[in-house]
Amino acid sequence: MNYLSNIIFAIILIVGIGYFAKNVKKLFRNIKLGQDTDVSDNKSQRWKNMAMIALGQSKMVRRPISGFLHVVVYVGFIIINIEVLEIIIDGLFGTHRIGLKILPISVYGFLIGTFEVLAVLVFISVIIFWVRRNILKLARFWKSEMTSWPKNDGNFILYFEMVLMTLFLVMNATDLDFQAMNSGNVISQYIAPWFSGLSESTLHFIERGAWWLHIVGILIFLNYLYFSKHLHILLAFPNTFYGNLKPKGQFNNLEAVTNEVKMMMDPNIDPFAATPEGAEEEVPAKFGASDVQDLNWVQLLNAYTCTECGRCTSECPANQTGKKLSPRKIMMDTRDRLEEVGKNIDANKGEFKDDGKQLLDDYITKEELWACTSCNACVEACPVSIDPLSIILEMRRYLVMEQSAAPVELNNMMTNIENNGAPWPYNQMDRLNWKNE
Amino acid sequence: MSELLKVPTMAEFMAQGKQPEVLFWVGCAGSFDDRAKKITKAFVKLLNKANVEFAVLGTEESCTGDPAKRAGNEFLFQMQAVTNIEVLNAYEVKKIVTACPHCFNTIKNEYPELGGNYEVMHHTTFLKTLLDEGRLTIEGGKYKGKRITFHDPCYLGRANNVYEAPRELIQKLEAELIEMKNCKRNGLCCGAGGAQMFKDAEKGDKEVNIERTEQALEIKPEIIAAGCPFCNTMMTDGVKAKEKESDVDVMDVAELIANAQDL
C-alpha cells in the first residue's frame, strides 16, 4: 500500500513522457520529409543568434508590451520548472519536499519564494494576454485564419498556465509544515487564510490534490505541445539556430537551373551526347514547390515553430491593404499539410499514398502567392527567425517553371526581358538614349 | 544642359586601354523610364562634378533578372545573370554603383555564386563616400530647412541593412529629416517589389502605395525622398492620387543634392 502512490506516479510519468517522445519522433520524421539544405556554415554566428533571439528574446521585445509580458512568462516558466524536479523526486521516492533535506532552509525558502513571486507575475501576464486576445481583440488575433482551432488553441494555453500557477500556489498555501516554516511562503501566506477553518486532514487532501494535479497538468501540457502552436517553446531554439544568415534580399540560386543554363551557354557541349555510363541523370523531379515535400527541412521546421502570433501578418503590406495574403497563414497551411502527409504515412505503413491533395491550391491559393511584394517585412517581424517569403518564392517558382501559370502581365514582362533585356518593350540599343535627351 | 553630361562607356575606356574607377549600372528604369532618367542624369551630374572616372555599359547592359527571379522564373533570371556576368567579367569590372536597389541587391548578393564578384554600392552609399573623401560637397541651397522624409526601399533597407547613408546625405542638405511611423527596418513597402510593379495588385481594399503615401503625408513633409526608381514612381502616383502634388514633391536623394547646387 505504501508504495502504491510511488508506482502510480512512476506510471503516469512514464506514460506522459513516453507519449511525448513518440510524438517527438513523428515530428522529426515529418521535418525530415523536407529536402536537404546545407546549414552547416558559420556555427559561431548560429549559436550567437540562438542565444540572442531565442534565449535572449531580442526580437520579442521590439514590441514592448507583449515583449515584456512574454519575457515574464518565459522566465517564470523556465525557473518555476525547477520545482518540477523536486516534484518528480518526491513522487518517485515518496519523500516530501526533498529540497529541504538537501538545502539550508534559507536557500530553499529563497528558491520557493522566487517561484511564488514568478507564479503571480506569470498569472497576471497571462490574464493580460487573455484580455488582449478576447476583450481588446487585437487585430492580429482576429484575422480570418484565426478561427476555430487556432483561436481556441491560443486560449487553452492561457487557461492551462492560469490553472498550473494556481495549483502551485494552493499547494504551498495548504502545506501546513511549509507555512509553519515561514520561509519562502511570500505569496502563499496570503492565500493560506482562505483555507482557514478547514481541518488538517482536509488541508492535507487539498495539498495532495494540488500536488498531483500540478504534475499531471504539466505532463498533459507537455503532450499538448505537439498538437498546438505552442511547440515554439522548444523549437524556437533550433529554429533560430538554423535561421537564414544571408542578407534578407538574397534569394537562393537554384542549382539545377544553373547546370542547365551553363549547358546552354557552353559552346563546347554536345547537346546530343549520351549520358556517360553510370552517371546519374541530374534532372530534378520538380522546379519549385507544390507540396510540403518539395520544401527544405528548415522551412518545415519553421512551420512547426510558428506560434501564430501574427506579427508577420500585421506588418505585411499586402495584408494591411486587404489582400488575401497572410504570411502566418502560409506557415499554418504548411504545417497543416505536413501533418496531413504525416498521418497519411502513418496510415499507409510508412509510405505516402497520393491523396490527390497538395499544399498549392488545396491550402495556399495562387491569389495569396501573387500578392506578395517580397518586401521581407514578415521575415523581419518574426521573433523566432521564420521565413515565410522563402516558401512563397518556392511556390511561385513551381507556378512559373512547371505550370507556366504566371499572371498575364508578368508573362509580358518576362517576354520583354527575354527579347530585349528590359521588363518593358524598349530596344536594348536605345539604352543610352537618355544621355542626349 | 545635356551636352554638359560626360557619360563614357566601358567600350570607350577599353579602346583607350583604361579602367574606370567605377561602373555605373544604370538599370532598366534608369535607362527607359522618363521619371527615372532624371535621377540617372542627376547622379551623372554629381559624378561629373566630383570628377569620378566612371563608365556605363550602355547598349551592352541588360536587365539583371531581378523581376524574373522574384516572379519565380529562375531560368530567365540565371540566363540574364550569366550573360551580364560575362560582359562585366570581360571588362574586368571590380566596382559597381547603381541607383536602383533591385539591381544593387541582385548583383551584390545573387551574382557571386554565378561567377560575378564585384564590390557593389548603392548610389547613396557611394555619394556618402565621395562626401567623406572630400570629393563632393553638399550644400542645402533651396532645401535648407525643408521637411524631408526618407522612404526606405525594401531592397536597400531590410534586404541589405543600408539605412543611414541616404539619411546622412539628407541631413547634409541642412534639411529637417523627419521619420514616418514605419521607418528603417519597419519601413512599409511602396508596393512595387517582387515584380508587383509590372502587374495589377490582387483584390483588396486599398493600394499599398496609397497606404504608404498616407503614412508619409501624416507627418506633413514638403519632400518625400526616395532611393529607388520604383518607389519613386509608386510614391509619386500616391501623392497624385491624394491630390497633394502641389504641396509635396517626390525626389531621389541624388536629385536633391544635384538640384541644391543648381547642377
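Just so we're on the same page: letters track the sequence lines, and every chain starts at 1.
- Heavy atoms of A29(B) lying under 4.5 Å from chain A belong to its backbone as well as its side chain.
- When each of K203(B), E61(B), E113(B) is checked for heavy-atom pairs under 4.5 Å with chain A, E61(B) comes out on top.
- Contacts between Q196(B) and chain A at a heavy-atom distance below 4.5 Å involve the side chain alone, from C-beta outward.
- Nearest approach of K41(B) to E437(A), heavy atoms of both residues: NZ-O, 2.7 Å.
- Counting heavy-atom pairs closer than 4.5 Å to chain A, the top residue among G187(B), A201(B), G193(B) is G193(B).
- Here the CD atom belonging to Q320(A) is positioned 7.0 Å from the CG atom belonging to N182(B), to the nearest 0.5 angstrom.
- In this structure, CG on N109(B) lies 12.5 Å from CG on N252(A), to the nearest 0.5 angstrom.
- Heavy atoms of L399(A) lying under 4.5 Å from chain B are absent altogether.
- Atom OH of Y118(B) has more than 12 heavy atoms from other residues, nucleotides or ligands within 6.0 Å.
- Remark: side-chain polar atoms of K199(B) are paired, donor with acceptor, to backbone N or O of W370(A) under 3.5 angstrom.
- In terms of modelled atom types and a separation under 3.5 Å, the side chain of N253(A) and the main chain of E110(B) share a donor-acceptor contact.
- Note that OG1 of T321(A) and CG of L188(B) are 8.5 Å apart. Values are rounded to the nearest 0.5 Å.
- Open room surrounds CD on E255(A); 12 or fewer heavy atoms of other groups in view lie less than 6.0 Å from it.
- For P317(A), the parts sitting under 4.5 Å from any heavy atom of chain B are the backbone and the side chain alike.
- Both the backbone and the side chain of D430(A) come within less than 4.5 Å of a heavy atom of chain B.
- With a threshold of 4.5 angstrom between heavy atoms, N105(B) approaches chain A through side-chain atoms but not through N, CA, C or O.
- Looking at N319(A), there are no atoms closer than 4.5 Å to chain B (heavy atoms on both sides), in backbone or side chain.
- Of the listed residues N433(A), L410(A), N412(A), the one with more heavy-atom pairs under 4.5 angstrom with chain B than any other is L410(A).
- At a threshold of 4.5 Å between non-hydrogen side-chain atoms, the residues R431(A) and F32(B) count as touching.
- Rounded to the nearest 0.5 angstrom, F251(A) CZ and T106(B) OG1 are separated by 9.0 Å.
- At least one side-chain heavy atom of V26(B) sits under 4.5 Å from a side-chain heavy atom of W434(A).
- Heavy atoms of A377(A) lying under 4.5 Å from chain B belong to its backbone as well as its side chain.
- The nearest pair of heavy atoms linking V7(B) to K435(A) is CB-CD, 3.3 Å.
- Of the listed residues (R62(A), K262(A), K324(A), E394(A)), the greatest number of heavy-atom pairs within a distance under 4.5 Å of chain B belongs to R62(A).
- Of all the heavy atoms in M413(A) and F198(B), the pair that sits closest is CG-CG, 3.6 Å.
- Nearest heavy atom pair, residue E207(B) against residue K323(A), reads CA-NZ, 4.1 Å.
- Residues F75(B) and F287(A) place their aromatic rings such that the two centres sit under 6.0 Å apart.
- When every heavy atom of M414(A) is checked against every heavy atom of L76(B), the shortest pair comes out as O-CD2, 3.4 Å.
- Within residues 63-71 of chain B, the residues approaching chain A closer than 4.5 Å by heavy atoms are, in numerical order, C63(B), P67(B), A68(B), K69(B), R70(B), A71(B).
- Q80(B) contributes no side-chain N or O that, together with a main-chain N or O of G421(A), makes up a donor-acceptor pair within less than 3.5 Å.
- Ranked by heavy-atom pairs under 4.5 Å with chain A, the list A195(B), G72(B), A192(B) is led by G72(B).
- Side chain of K248(A) to backbone of C154(B): no donor-acceptor contact under 3.5 angstrom is found.
- Residue contact with chain B, scored on non-hydrogen atoms closer than 4.5 Å, is absent for M395(A).
- Surrounding NZ of K242(B) are at most 12 heavy atoms belonging to other residues, nucleotides or ligands under 6.0 Å away.
- Both the backbone and the side chain of E74(B) come within contact range of chain A, judged by heavy atoms closer than 4.5 Å.
- Atom CG of residue N73(B) and atom CZ of residue R396(A) lie 12.5 Å apart, to the nearest 0.5 angstrom.
- When heavy atoms are compared at a cutoff of 4.5 Å, K108(B) approaches chain A solely by way of its side chain, counted from C-beta outward.
- Listed options K206(B), R212(B), E202(B) were ranked by heavy-atom pairs under 4.5 angstrom with chain A; first place goes to E202(B).
- The side-chain hydrogen bond (donor to acceptor under 3.5 Å, both in side chains) check on D291(A) picks up R337(A), with sequence neighbours excluded.
- In this structure, M79(B) CE and E260(A) CD are separated by 11.0 Å, a value rounded to the nearest 0.5 Å.
- Here the side chain of N376(A) pairs no donor or acceptor atom with the backbone of R158(B) at under 3.5 angstrom.
- The two residues C189(B) and C375(A) make their nearest non-hydrogen contact at CB-CB, 3.6 Å.
- Heavy-atom distances place the side chain of Y155(B), and not its backbone, under 4.5 Å from chain A.
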